[in-house]
Amino acid sequence: MMDYLWLVPLLPLLGSAVNGILGRRFPKRLVSIIACTSVGASFAVAAGAVAALAGMPDGERHVVIPLFTWIASGDFVARAEFLFDPLSAVMVLVVTGVGFLIHLYSIGYMHAEDGYYRFFSYLNLFMFSMLVLVLAGNFLLMFVGWEGVGLCSYLLIGYYFERRSAADAGKKAFIVNRIGDVGFILGILLIFATFHSLDFEGIFRRIASDPGQFPVEAGFGVLTAIGVLLFIGATGKSAQVPLYVWLPDAMEGPTPVSALIHAATMVTAGVYMVVRCAPIFSRSPIALEVVAVIGILTALMAATIGLVQRDIKRVLAYSTVSQLGYMFVAAGVGAYSAGIFHLVTHAFFKALLFLGAGSVIHAMGGEQDLMKMGGLRKFTPTTHATMLVAALAISGIFPFAGFFSKDEILWSAWANGHPAIWLAGLVTAGLTAFYMFRLIFLSFYGSGRFPEETRHHLHESPPSMTGPLVGLALLSTVGGFVGLPAWMNLGPNRFERFLEPSLEYAARGEHPEASHSLEFGFAAVSVLVALAGIYVAYRFYVAAPGIAPRLAQRMAGVYRLLLHKYYVDEAYDALIVHPVADGSRRILWTGVDVGIIDGAVNGAGRLVQGSASVLKHLQNGLARNYAAWIFAGAVVILFYIYMVRG
């Protein structure tokens, strides 16, 4: 199956090309078949390749698949080649598997939309770009996929481009990611200047085999600089402080787009890149500290914002930002496999949450305000049941998938000597449980807060939408069992062991062994905190719904601060956006463009026009005037010869 791995990204690309070029003439059914079949076939090939990889001995689970020579210039050669190892295998399965379910869901959700073929063409192109990113065998090919997902996010977030808000959100995502990409590009250039290569295998092996030249850096060395620059790119792509502001606005795109971006593709790219570059980050304590601190600040900040948001999709957007922070915390404390484990489980329950939110919005006729919902479990029982599973999973309740991955991150933070990060992560876990069940209770419980005429239109979504919800609910329930923790005494963590060949070049610190009973105790504490968050949400929004409004009035300043998202967008507008826009308008446009460039061009035209208006009088058709001008010219010439030449 390794020989056919190139089909994994190629099939979605072909689906995108066929629908993009010919889809306007196709019926919607044929567009759906082409788009979904291409991704489903890609998943089948990927599953076969992963099965073949899993059957290899641990030391051989690292396959480089050359495709062709891409760039050859002097001594520099860049090849288009894929690296297939346990890390890329996990990512490929997540991207194609979850992506396939989202494609199926989109058939029902988008059936009434204009530009149906365009949507699926973009969606397939998104899949292709992400698959190139995770399969790339060098930084240059990774950058192609990195920029490809950025382009596709712009196209899909701005899918409803007739709406000003959607068009602006697409531009915001594109521009903010380009800011992060400056750091990413500089990091790649510094890698090339240091190693004279961009191939993962060669660079990482050299770092690991030459500890004299590339030791664990006590200060700010070249590996630290590379790590920090690469992480700047990750803060943009994976929506971390300070470049997270594009992701909540990405909700302007169709709900399946939100699910694909948040669960399986773009925002996980930064986490994958940091883990892929573990040999670099693991030798730079400063870079790891930056990753961990930014991750926990993002997790906590986004969780507090999610407490008061009213738009159902924005609550989930800030939840994604927060959960991505958890993943970076894992990488920052050296628990790389825990970060990828949470990436996998998060893909299941976050895709389920977004697709479930889309089902709610579908039932409500487009309404997204939680304060205008309520009592929907009677009308949408499948959506309610599946979203409840997802909420339990993201809250970290045993035995759902999120419990195992979140607990491993928190435990790793404590065990690796970061008690403050563990405490902040524990608080974030409680906040997560609260705002997720706030969403569940406001949507599905209590009395309906919608107009009476809306009640007559409430209905469960079609099977094309509820089917993927059920599949993702199953994965959110059992997905965590692939990485059972050591304290269960069922053997080593299988997921962690599977990923070991991908992390063989990473530096491993010495950490004291902790007892399984202590680890179990920490897991129990995290579950109790999550249950406390759920109980508080129940008290606020079901048992005594008057508590929340009174608390908001009593703490009006804090409430407004959270409701306006700490005024970060307003600060960016005041300090960056408006000055740049005003400066561009006054200096670049009015001063340079209109004043200098247009002034020079228009001035030349006016000079010619003015000269012509004078000189045209020389051509009047009168012979005596011509003779007079000839005589005057002769006088001038003679005068010049006499006066100048003597």
Under the side chain to side chain donor-acceptor pair (under 3.5 Å) test, which residues partner [X], sequence neighbours left out?
X	value
Thr320	His262, Lys350
Gln323	His342
Trp146	Asp181

Of all heavy-atom pairs between [X] and [Y], which one has the smallest distance, and what is that distance?
X	Y	value
Val267	Ile261	CG2-O, 3.1 Å
Ala225	Leu190	CB-CD2, 3.7 Å
Ala259	Ala351	CB-O, 4.3 Å
Gly150	Ser153	O-OG, 2.6 Å
Leu353	Leu316	O-CD1, 3.5 Å
Ala292	Ile421	CB-CD1, 3.7 Å

query: Is the Phe139 to Phe195 ring centre distance short of 6.0 Å?
result: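 Distance test on ring centres: not under 6.0 Å, no.
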task: May I ask you to check whether Tyr535 and Phe437 place their ring centres under 6.0 Å from each other?
output: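 No - the distance between ring centres of Phe437 and Tyr535 does not fall below the 6.0 Å cut-off.
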task: Give a yes-or-no answer on whether the side chains of Thr304 and Tyr566 include a donor-acceptor pair shorter than 3.5 Å.
output: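 Checked: Thr304/Tyr566 side chains pair up, N/O donor to acceptor below 3.5 Å.
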- request: Decide whether His62 and Glu201 meet the rule of one side-chain donor and one side-chain acceptor closer than 3.5 Å.
  value: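 Side-chain D/A pair, His62 to Glu201: present.
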Mind checking the [atom1]-[atom2] spacing from [X] to [Y]? Nearest 0.5 Å is all I need.
X	Y	atom1	atom2	value
Leu260	Leu101	CG	CG	11.5 Å
Leu423	Leu410	CG	CG	10.5 Å
Leu141	Leu135	CG	CG	9.0 Å
Ile312	Ser443	CD1	OG	4.0 Å
Thr268	Met327	OG1	CE	7.5 Å
Ile207	Phe214	CD1	CZ	6.0 Å

message: Using side chain to side chain contact (heavy atoms under 4.5 Å, CB included), reason through Leu472 and Phe349 one step at a time and then give a plain yes or no.
response: CA-CA 7 Å; Leu472 288 167; Phe349 55 71; over 6 Å; no
query: Looking at residues at least two apart in the chain, or sitting in another chain, which of them share a ring pair (Phe, Tyr, Trp, His ring centres under 6.0 Å) with Phe403?
result: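 With sequence neighbours excluded, Phe403 shows a ring pair (Phe, Tyr, Trp, His ring centres under 6.0 Å) to Phe398, given in chain and number order.
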Between the side chain of [X] and the main-chain N/O of [Y], is any donor-acceptor distance below 3.5 Å?
X	Y	value
Thr428	Ala424	yes
Arg438	Leu307	yes
Thr298	Gly325	no
Thr255	Gly358	no
Glu496	Gly483	no
Ser412	Glu408	yes

field: Pairs touching residues 307-333 that satisfy salt bridge (charged side-chain N to carboxylate O under 4.0 Å, His left out), sequence neighbours left out
entry: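 Applying salt bridge (charged side-chain N to carboxylate O under 4.0 Å, His left out) to every pair that reaches into residues 307-333, excluding sequence neighbours, yields Asp249-Arg314, Arg310-Asp369.
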Pair listing, salt bridge (charged side-chain N to carboxylate O under 4.0 Å, His left out) test, anchored in residues 289-301, at least two apart: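 Pairs touching residues 289-301 that pass the test: none.
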Side chains of [X] and [Y], heavy atoms from C-beta outward: is any pair under 4.5 Å?
X	Y	value
Leu186	Ile232	no
Ile280	Phe204	yes
Val329	His418	no
Leu439	Met387	yes
Leu469	Leu352	yes
Arg61	Asp85	no
Gln240	Leu324	yes
Tyr541	Ile440	no

Pairs where residues 231-250 contributes a residue and the test ring pair (Phe, Tyr, Trp, His ring centres under 6.0 Å) is met, not counting sequence neighbours: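 Matches after skipping sequence neighbours: Phe231-Phe328.
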Please tabulate, for side-chain N and O atoms in residues 518-530, each donor-acceptor pair with protein atoms closer than 3.5 Å (sequence neighbours left out).
from	atom 1	to	atom 2	distance (Å)
Ser526	OG	Ala523	O	2.7

field: Residue pair Ser129, Leu151: steps toward the side chain to side chain contact (heavy atoms under 4.5 Å, CB included) verdict
entry: CA-CA 9 Å; Ser129 299; Leu151 169 64; over 6 Å; no
Who passes side chain to side chain contact (heavy atoms under 4.5 Å, CB included) against [X], sequence neighbours left out?
X	answer
Phe174	Tyr154, Arg178
Phe43	Leu93, Thr96
Ala486	His516

message: Which residue is it: Tyr326, Phe495, Tyr336? I am looking for the one with a ring pair (Phe, Tyr, Trp, His ring centres under 6.0 Å) to Phe341.
response: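 Between Phe341 and the candidates, ring pair (Phe, Tyr, Trp, His ring centres under 6.0 Å) is satisfied uniquely by Phe495.
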- prompt: Which of these, Phe481, Trp411, Phe348, sits in a ring pair (Phe, Tyr, Trp, His ring centres under 6.0 Å) with Phe404?
  reply: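 So, applying the ring pair (Phe, Tyr, Trp, His ring centres under 6.0 Å) to Phe404 and each of Phe481, Trp411, Phe348, only Phe481 qualifies.
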query: Run the side chain to side chain contact (heavy atoms under 4.5 Å, CB included) check on Leu475 and Val98 step by step: do they pass?
result: CA-CA 10 Å; Leu475 290 172; Val98 177; 5.6 Å; no
message: Counting only heavy atoms from other residues, nucleotides and ligands, does the tally under 6.0 Å from OH of Tyr538 exceed 12?
response: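 Check fails, neighbour count at 12 or below.
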Flag if over 12 foreign heavy atoms under 6.0 Å of CE, Met555: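 No.
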message: Could you go through Phe498 and Val90, starting from their C-alpha distance and side-chain angles, then the distance that decides it, and tell me whether this counts as side chain to side chain contact (heavy atoms under 4.5 Å, CB included)?
response: CA-CA 10 Å; Phe498 178 72; Val90 168; 3.9 Å; yes
message: Going by salt bridge (Lys or Arg N to Asp or Glu O under 4.0 Å), name the residues that satisfy it together with Arg560, two or more places apart in sequence or in a different chain.
response: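 Arg560 satisfies salt bridge (Lys or Arg N to Asp or Glu O under 4.0 Å) with no residue once adjacent residues are dropped.
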- prompt: Taking 4.0 angstrom as the limit, do Asp199 and Arg205 come out as a salt bridge?
  reply: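 Looking at Arg205 together with Asp199, the answer is no, because their closest N to O distance does not fall below 4.0 Å.
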